[in-house]
Amino acid sequence: MSSVRKCSRTGCLQPAVATLTYAYSDSTAVVGPLATASEPHSYDLCEEHALRLTAPKGWEVVRHEGSFAEPDRSDDELTALAEAVREAGRQDRPAQPPEPDTPSGRRGHLRVLPDPIS
């Protein structure tokens, strides 16, 4: 699973480096550094789209000063992955009991069917 968020613009596959949020009451579009989590009412933008964004007539664009840095992979995600691998390799966890074989040959979610009799 990739943790890199992509630009929200249609057809753009570049990594997101900025977040666009609209303040409708102030008629303002705010472009800032990439938010830590994706929000439903904000848009992730790559550097090109973040720098080229324009707003409708009468609206103001407030933009982050400086350059946008590409986000690093989150330490939380790496820690969660390490813990999952550690848990899977534990020797003291209870073993799963084997599924009993049934006349149909069922094992797990798949079933072995007998040959049809002519």
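Reckoned from all heavy atoms, side chains included, excluding hydrogens, waters and symmetry mates.
Side-chain contact between S38 and R5 is present, with heavy atoms from C-beta onward closer than 4.5 Å.
A distance of 9.0 Å separates NE2 in H49 from CD in Q14, rounded to the nearest 0.5 Å. For the atom pair CD (E39) and OG1 (T19), the distance works out to 9.0 Å, reported to the nearest 0.5 Å. Interatomic distance, CG of D44 versus OG of S8, reported as 4.5 Å (0.5 Å rounding). If you take SG on C12 and NZ on K6, they are separated by 9.0 Å, rounding to the nearest 0.5 Å. From R52, atom CZ reaches atom SG of C46 across 8.5 Å, with rounding to the nearest 0.5 Å. Between the OG1 atom in T21 and the OH atom in Y43 there is a gap of 9.5 Å [rounded to 0.5 Å].
Residues A50 and V31 come closest through the heavy atom pair CB-CG1, 3.9 Å.
Heavy atoms from other residues, nucleotides or ligands lying under 6.0 Å from CZ of R9 number 12 at most.
Both L51 and W59 are part of a single hydrophobic cluster, where members link through side-chain heavy atoms under 4.5 Å apart. A chain of hydrophobic side-chain contacts below 4.5 Å, direct or via other Ile, Leu, Val, Met, Phe, Trp or Tyr residues, connects Y24 to V61. Cluster membership check: Y22 does not share its hydrophobic cluster with V30, using side-chain heavy-atom separations under 4.5 Å among Ile, Leu, Val, Met, Phe, Trp and Tyr.
Using a distance-only test at 3.5 Å, with no hydrogens or angles considered, no donor-acceptor pair links the side chain of S42 to the main chain of L20.
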